[in-house]
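What follows is a single structure, written as structure tokens, with notes after it.
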Number of protein chains: 2
Amino acid sequence: MRTPQGVSLTYGLLETLGQSIVSGFYDGRSFPTEADLCTQFSASRTVAREAVKMLTAKGLLSARPRQGTKVEPVAKWNLLDPDVTRWLMERPFSNTIYREFTEVRLAIEPVAAYLATRRGDRADIRRIRDGLNAMRDHAAEPDQALQADIDFHVSILRASGNPFFWQLRELINTALRLSIGITNKVSGHTASIPAHEAVLIAIEKGDADGAHAAMRAILLESLELIEIYDPTTTAE
Amino acid sequence: MRTPQGVSLTYGLLETLGQSIVSGFYDGRSFPTEADLCTQFSASRTVAREAVKMLTAKGLLSARPRQGTKVEPVAKWNLLDPDVTRWLMERPFSNTIYREFTEVRLAIEPVAAYLATRRGDRADIRRIRDGLNAMRDHAAEPDQALQADIDFHVSILRASGNPFFWQLRELINTALRLSIGITNKVSGHTASIPAHEAVLIAIEKGDADGAHAAMRAILLESLELIEIYDPTTTAE
DNA sequence: GCCTGATTTTCAAGTCATCGTATGATTGGT
DNA sequence: ACCAATCATACGATGACTTGAAAATCAGGC
């Protein structure tokens with residue numbers, strides 16, 4: 001295991017350990033002691049301790065004297081921390097985590113669209129429309145179409161005017177990038193322009209409930225795709 | 001400013017600084033340098049640095065050589081971090097933050113109820129029912145009624161089976177405790193038992209959409225109360 | 001004299017090494 | 001079975017050195 005470079009030692013170690021923990025590397029075994037971390041990564045105690053402290057702040061670790069440093073159960077992790085979200089994405093694809101991401105989107109995005117309708121200003125709405133137009137213009141180029149799709153959804157979060165929603169942009173970004181993999185496996189399915197257009201039209205009309213429903217329809221369809229792809233991950 | 005005790009020095013300083021930052025104490029002025037922190041709080045560099053690193057991990061601070069340590073703009077904060085949420089609550093009441101909390105609840109809780117209906121097991125549903133029964137039994141005792149209300153809502157998050165939703169229990173806890181203040185100012189309004197009962201009945205019937213709608217109704221009513229209390233915080 | 005660009009200075013965070021302290025699990029004696 | 005000594009480990013303190021970026025200074029040309 002090598003520490004990445006380009007950043008400070010502490011942040012490099014933070015990344016390395018964060019990814020290792022999230023990927024389950026330490027699941028069976030015990031987390032290294034302070035001293036072991038220093039030797040394993042040839043870092044000073046300062047670096048090791050500060051990386052551990054940051055991971056503790058994100059809920060991934062807990063440390064007590066004599067008892068050593070432990071990886072916390074997933075229930076304690078700050079899953080909505082952008083770093084943790086990113087580490088989750090960087091590990092091998094899991095249909096479960098993707099479904100859970102999408103369920104969060106199902107909660108957040110319809111309400112974001114609802115609030116965006118009531119509070120979004122002209123510039124907010126223009127950004128949303130720009131996203132939709134870019135989706136149309138680049139329908140044939142997957143990379144740019146994906147970016148446009150992300151821009152569309154993130155613009156709506158922003159237009160909601162609620163900073164808590166805005167926090168989730170990284171999660172939506174991640175979820176959408178993951179989605180490319182799965183939707184392609186199921187069919188030649190790509191983001192539906194008409195469904196997205198319905199959201200924009202409702203927002204422009206000032207129809208908050210309509211925007212809510214239109215966005216909800218998009219996410220429910222995504223969830224259905226996930227269940228088709230792997231029905232075992234959904235109970236009942 | 002004094003560091004609280006009973007915990008380690010690092011965590012004490014973390015609390016003190018976190019609260020100060022969130023309360024806006026450093027808004028006009030520049031954040032102390034490493035050396036100043038040591039003298040101001042008579043702490044060692046180790047303690048000061050680790051507290052700063054943890055706050056950095058939560059997005060509240062950023063540090064660069066020569067430039068010193070800066071308080072980041074609110075947009076960068078990890079607002080969904082349980083510590084940050086708590087610090088937000090501990091500062092003087094703000095109607096805006098309370099509305100934003102409730103908007104998050106409006107997003108999360110109806111979908112949690114929807115998922116709980118489809119996936120909750122017997123024990124999950126029993127916990128939800130217990131919460132409702134406790135609300136009824138302690139209708140006359142505000143403290144216990146509040147706790148029962150919290151238990152009811154948190155049980156639904158748990159029953160959703162989605163760990164991301166479960167993360168938000170601290171936020172819902174905070175929001176409900178804040179709500180006591182405001183609802184009492186508006187009227188003698190207390191948590192409506194029938195509205196909560198409607199959610200439970202839908203869940204028990206297996207009516208996921210009904211549970212979604214019933215929960216949404218509860219939250220929309222809360223939002224209306226907020227707007228009545230201070231209409232200036234809502235645009236349009 | 002004054003702009004421009006390069007060099008040096010300086011300050012604050014980053015990193016390292018080492019020492020001592022506090023804590024709580026384990027071990028061993030009674 | 002209980003109590004005390006032991007020991008491993010994180011916690012805390014400190015001094016020295018390194019690195020990086022901003023600010024100040026200087027050099028050269030117009």
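In what follows, chains carry the letters A, B, and so on, assigned in the order in which the sequence lines appear, proteins first and then strands, with residues in each chain numbered from 1.
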Review point. Between the two ends of the helix from C:dG1-D:dC30 to C:dT30-D:dA1, what is the bend in degrees, rounded to 10 degrees, where each end axis spans five pairs?
Key: 10°
**Study point:** Residues in side chain to side chain contact (heavy atoms under 4.5 Å, CB included) contact with B:P82, at least two apart in sequence or another chain
**Key:** A:N78, B:E170
Point to revise | Contact check, side chains of B:F41 and B:L9, non-hydrogen atoms, under 4.5 Å | key: no
Point to revise | B:T174 vs B:L88 side-chain heavy atoms within contact, under 4.5 Å | key: no
Practice item. Carefully, step by step, assess B:Q147 and B:D143 under the rule side-chain hydrogen bond (donor to acceptor under 3.5 Å, both in side chains). Key: CA-CA 6 Å; B:Q147 186 57 54; B:D143 284 2; over 6 Å; no
Check your understanding: Going 5' to 3' along nucleotides 8-13 of chain D, which nucleotides have protein heavy atoms under 4.0 Å from the base (write B), which only from the sugar-phosphate (write S), and which from neither (write -)?
Key -> BBSBBB
**Study point:** Donor on one side chain, acceptor on other, B:E103 and A:N162, under 3.5 Å
**Key:** yes
**Study point:** Shortest non-hydrogen contact from B:A148 toward B:A134
**Key:** CB-CB, 3.5 Å
Practice item. Take A:E15 and A:R86 through the test side chain to side chain contact (heavy atoms under 4.5 Å, CB included) and record every step on the way to the result. Key: CA-CA 10 Å; A:E15 277 305 304; A:R86 184 164 37 77; 3.0 Å; yes
